[in-house]
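Here is the structure we will look at.
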Amino acid sequence: MSLHLPARRVAQTTARAAVGTPSLHLQYLLPRTQHRNAWFWQRDRKPSALSQELTRQERQQIMAARSLDRTQGSSIFDEEIKDTERRQKEQQEQEQQGPKRYGNIGQGTQLREHMEMAEDPDPRWRVRFLKKKVMQMVRSGGRLTREQRIRQSEKEHTSASPSLPTSTKKLMFLSRQIAGKTVDEAITQMRFSKKKMAREVKWQLEDARYKAIAAHGMGLGAADSKLLDKPRKIQTKDGQWMQVVDPTRLYVDQSWVTKGPTRGIRIHYRARGRMSRMRRPTASISVVLKEEKTRIRQHDERVDKQARKAPWVHLPNRPVTAQRPYYSW
């Protein structure tokens with residue numbers, strides 16, 4: 001080229017300007033738009049047709065390779081047959097090794113070791129307890145106390161509710177309302193009560209009834225055909241007369257209320273810049289469920305006690321002696 005370097009640059013710039021594309025050193029002088037490369041700036045940008053075509057070709061190649069691998073065997077079910085054989089082989093190896101010492105007991109296992117562990121988790125404690133009971137029987141000479149005899153023939157269940165968002169003063173009225181009533185009648189009373197905590201007491205009575213039936217086998221007289229031949233008329237300790245047909249019917253023998261922890265503290269602003277604390281109380285209710293045979297026994301004991309009582313006799317008519325004009329003490 002015969003042109004010098006400055007002249008060549010001017011010629012190239014003129015040619016590119018005629019075409020419409022500026023030269024490199026002029027591109028830096030033109031205004032530019034800034035493009036960010038972060039991923040969240042590229043969300044709205046559509047991929048080019050070339051990238052889409054390449055992606056489609058790659059997907060087709062992957063699918064062709066997968067189909068080729070599946071049909072290369074002797075059968076299209078070759079993989080499933082191999083998986084089945086592998087599972088059978090693993091199962092045979094586990095059977096040859098024998099059961100594990102601490103397997104999953106909660107899935108209905110019938111192994112002797114697992115059953116012993118579930119029925120008697122602490123055999124040493126059971127032996128110590130039996131030794132203690134034998135020593136107590138030897139000391140007492142084999143005689144049972146009255147409470148022990150009653151406990152062997154009668155059943156009871158105690159249930160306590162969690163802390164309820166109320167005070168003992170409000171919950172006390174519901175506790176007195178259900179005491180002495182049958183469980184069904186107490187639940188009916190709580191169902192139609194206008195008190196806010198009545199539904200909580202109702203839920204607690206139902207829960208206590210279910211646990212008494214499941215844990216102690218109470219209230220199953222109608223199911224086991226253990227009803228009385230004729231209704232029995234008894235008097236409760238409150239003086240009310242009632243008839244009993246099912247001696248295993250549940251009733252609320254005792255009910256009491258206990259104070260629970262406070263839910264929170266608020267500030268009560270007073271006059272003269274003073275303040276006091278307002279504590280939001282909680283309370284829980286406890287019930288003792290028993291069967292009607294307990295009330296039958298208590299009624300019979302009161303009747304026997306009244307029968308054993310000697311008749312009243314007035315003082316004999318004898319002369320008064322040893323009178324003094326002053327007190328003798």
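Just so it is clear, the model here is predicted, and its values are computed rather than measured. The analysis underlying the following values was restricted to heavy atoms, covering all of them including side chains, and did not include hydrogens, waters or symmetry mates.
Checked for salt-bridge contact, Glu301 and Lys305 miss the test: no charged N lies under 4.0 Å from a carboxylate O. Salt bridge status for Lys202 with Glu206: present, with a side-chain N to carboxylate O gap under 4.0 Å. A salt bridge does not link Arg87 to Glu93: none of the charged side-chain nitrogens sits closer than 4.0 Å to a carboxylate oxygen. Ionic pairing of Arg209 and Asp184 is present here: one or more N-O contacts between side-chain nitrogen and carboxylate oxygen are shorter than 4.0 angstrom. One finds a salt bridge joining Lys211 and Asp207 here, because a Lys/Arg side-chain nitrogen approaches an Asp/Glu carboxylate oxygen to under 4.0 Å. One finds no salt bridge joining Lys293 and Glu154 here, because no Lys/Arg side-chain nitrogen approaches an Asp/Glu carboxylate oxygen to under 4.0 Å. A salt bridge does not link Arg151 with Glu147: none of the charged nitrogens is closer than 4.0 Å to a carboxylate oxygen.
Side-chain atoms of Arg149 come within 3.5 Å of backbone N or O of Leu144 as a donor-acceptor pair. Under the 3.5 Å distance criterion, the side-chain polar atoms of Arg302 are matched with a main-chain donor or acceptor of Gln235. Between the side chain of Asp246 and the backbone N or O of Thr248 there is at least one donor-acceptor pair closer than 3.5 Å. Under a 3.5 Å cut-off, the side chain of Lys181 and the backbone N or O of Gln177 do form a donor-acceptor pair. Side chain of Ser161 to main chain of Ile285: a donor-acceptor pair is present (N/O by atom type, distance under 3.5 Å, no hydrogens or angles).
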### Message
Please determine whether salt bridge (charged side-chain N to carboxylate O under 4.0 Å, His left out) holds for the pair Arg112 and Glu116, giving the CA-CA distance in whole Å, both sets of side-chain angles, and the decisive distance to 0.1 Å.
### Response
CA-CA 6 Å; Arg112 183 172 59 85; Glu116 290 179 356; 3.3 Å; yes
Checking Arg295 against Met242 for the side-chain contact (heavy atoms from CB on, under 4.5 Å) test, could you report, in this order, the C-alpha distance in whole Å, the side-chain angles of both residues, the deciding distance, and whether it holds?
CA-CA 11 Å; Arg295 285 205 277 205; Met242 59 182 302; 3.7 Å; yes
Practice task
I would like to know whether Ile213 and Leu220 meet side-chain contact (heavy atoms from CB on, under 4.5 Å); could you show each step before the answer?
Solution key: CA-CA 7 Å; Ile213 294 173; Leu220 300 177; 3.9 Å; yes
Before giving the answer on side-chain hydrogen bond (donor to acceptor under 3.5 Å, both in side chains), spell out for Ser284 and Ser163 the whole-Å C-alpha distance, their side-chain angles and the decisive distance to 0.1 Å. CA-CA 5 Å; Ser284 64; Ser163 298; 5.7 Å; no
Open item on the list: Lys131 vs Val127, test: side-chain contact (heavy atoms from CB on, under 4.5 Å). Steps then yes/no.
Closed with: CA-CA 6 Å; Lys131 287 183 179 179; Val127 172; 3.9 Å; yes
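In this structure, Arg199 places its CZ atom where only 12 or fewer heavy-atom neighbours from other residues, nucleotides or ligands lie under 6.0 Å away. Within a 6.0 Å radius of CZ in Arg86, other residues, nucleotides and ligands contribute more than 12 heavy atoms. Crowding of Met137 atom CE: a count of heavy atoms from other residues, nucleotides or ligands under 6.0 Å not exceeding 12.
Taken from CE in Met172 to OG1 in Thr166, the straight-line distance is 11.0 Å, to the nearest 0.5 Å. Rounding to the nearest 0.5 Å places CZ of Arg277 at 10.5 Å from OG1 of Thr262. Residue Gln298 holds its CD atom at 8.5 Å from CD1 of Ile150, rounded to the nearest 0.5 Å. One distance of note links CD of Gln243 with CZ of Arg232; it measures 11.5 Å at 0.5 Å rounding. Between Ser276 atom OG and Ile265 atom CD1 the span is 11.5 Å, to the nearest 0.5 Å. Between Ile187 atom CD1 and Trp203 atom CH2 the span is 12.5 Å, to the nearest 0.5 Å.
The shortest distance between side-chain heavy atoms of Val288 and Val252 does not fall below 4.5 Å. No side-chain heavy atom of Arg279 sits under 4.5 Å from any side-chain heavy atom of Arg266. Using a 4.5 Å heavy-atom cutoff, the side chains of Met197 and Pro165 are in contact. By the 4.5 Å heavy-atom criterion applied to side chains, Leu174 and Ser193 are counted as neighbours. Taking 4.5 Å as the limit, some side-chain heavy atom of Thr182 sits within range of a side-chain heavy atom of Glu292. A heavy-atom distance below 4.5 Å is not found between the side chains of Leu289 and Asp253. For the pair Arg128 and Trp125, the minimum side-chain heavy-atom distance is below 4.5 Å. Taking the side chain as every heavy atom from C-beta outward, His157 and Met218 approach each other to under 4.5 Å.
When each of Thr168, Leu171, Thr282 is checked for a side-chain contact (heavy atoms from CB on, under 4.5 Å) with Lys259, only Thr168 meets the rule.
Residues Ile234 and Val183 do not share a hydrophobic cluster, clusters being chains of Ile/Leu/Val/Met/Phe/Trp/Tyr side chains in contact below 4.5 Å.
Nearest heavy atoms, Pro281 versus Arg263: O-NE, 3.3 Å. Across all their heavy atoms, Pro247 and Glu291 have their closest contact at O-CB, 3.7 Å.
Seen from the ring of Tyr251, Lys290 does not count as a face-on cation partner, given the 6.0 Å and 45° thresholds.
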